[in-house]
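Just passing along the structure, written as C-alpha cells.
All figures in this text were calculated on a predicted structure; none of them were measured in a lab.
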Amino acid sequence: TQSTWAEFLADGRPSCDAAIDALRLCMLNAVPLDAARDLVSFAYAVYAVPSCGGEGSAARGADDTFPLFVYTIVHSGLASPWALLDFVTAFCPQSLLSSETQYCLVTYEAAFTHVQSVSPV
C-alpha cells in the first residue's frame with residue numbers, strides 16, 4: 001500500500017472519475033437546490049475514492065480528503081469553478097441547506113481557493 005499522497009498520485013491517476021463526473025454534473029443544474037444536492041453527491045464520490053493508506057472511507061477526515069477535492073477540481077476542467085459556489089450561495093437560503101451541504105460548500109470553496117492560490121486562474 002502507498003503511505004503518502006505523493007506516492008498514491010505517482011502511481012497514476014487515482015480512481016476519481018466518478019467524483020470528476022459528479023462535479024461536472026453540478027454545473028449543469030438550473031435549480032440551485034439541485035446543484036447543492038449534486039455537490040453533496042460529488043463529496044460522496046470523493047469519499048468513495050480508494051485511500052492512499054488502505055484504510056476505509058469511514059476512517060478518513062478532512063486531511064485525507066482535501067487533496068482529493070483539490071485533485072478533482074483541477075482535473076474536472078470546469079470553465080468557471082466559482083460559478084457553482086456563487087450560484088448556490090446566491091439563490092439557496094441557508095435555512096434550506098443541511099449542515100452536510102454547507103460542509104460540502106465550504107470544502108469546495110477551500111479547495112478551489114487553494115488551487116487558485118497555487119495557480120491563479
Please say whether more than 12 non-hydrogen atoms of neighbouring residues, nucleotides or ligands are located less than 6.0 Å from CZ in Phe66.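 For Phe66, atom CZ is crowded (more than 12 foreign heavy atoms under 6.0 Å).
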Nearest 0.5 Å, please: how far is CG in Leu85 from SG in Cys26? 11.5 Å
Rounded to the nearest 0.5 Å, how far apart are CG of Leu84 and OG of Ser76?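 Leu84 atom CG to Ser76 atom OG measures 10.0 Å (nearest 0.5 Å).
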Minimum side-chain heavy-atom gap Tyr71-Val49 below 4.5 Å: no
For residues 31-41, tabulate all N or O donor-acceptor pairs below 3.5 Å that involve a side-chain atom, not counting sequence neighbours.
| unit_1 | atom_1 | unit_2 | atom_2 | d |
| --- | --- | --- | --- | --- |
| Asp34 | OD1 | Arg37 | NH1 | 3.2 |
| Asp38 | OD2 | Asn29 | ND2 | 2.8 |
| Ser41 | OG | Arg37 | O | 3.4 |

Does any part of the side chain of Ser98, heavy atoms only, come nearer than 4.5 Å to the side chain of Tyr103, both counted from C-beta? no
Would you find a donor on one side and an acceptor on the other, under 3.5 Å apart, between the side chain of Tyr108 and the backbone of Ala43?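 No; judged by distance alone, with no hydrogens or angles, the pair does not exist.
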Answer yes or no: is there a side-chain heavy-atom contact under 4.5 Å between Phe69 and Phe42? yes
Quick check: is Leu78 connected to Val88 through a chain of hydrophobic side chains (ILVMFWY, heavy atoms under 4.5 Å apart)? yes
Run the side-chain contact (heavy atoms from CB on, under 4.5 Å) test against Thr113 and tell me which residues pass, sequence neighbours left out. Trp82, Glu109
Give a yes or no answer on whether the side chain of Thr101 reaches the backbone of Leu97 with a donor-acceptor pair at less than 3.5 Å. no
Between Thr72 and Val46, what is the shortest heavy-atom contact and its length? OG1-CG2, 4.2 Å
side-chain contact (heavy atoms from CB on, under 4.5 Å), that's the test. Do Met27 and Ser80 meet it? Break it down for me. CA-CA 9 Å; Met27 300 299 289; Ser80 53; 4.1 Å; yes
Nearest atoms (heavy-atom pairs only) where Gln102 meets Gln94: NE2-O, 3.3 Å
To the closest 0.5 Å, what do you measure between CZ (Phe91) and CG (Asp86)?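 The distance works out to 9.5 Å.
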Tell me the closest heavy-atom pair linking His75 and Arg24, and the distance in Å.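 Scanning both residues completely, I find the closest heavy atoms to be O-NH2, 3.4 Å.
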Backbone of Cys104 reached by a side-chain donor or acceptor of Thr107 within 3.5 Å: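 Flag not set: sc Thr107 to bb Cys104 has no pair under 3.5 Å.
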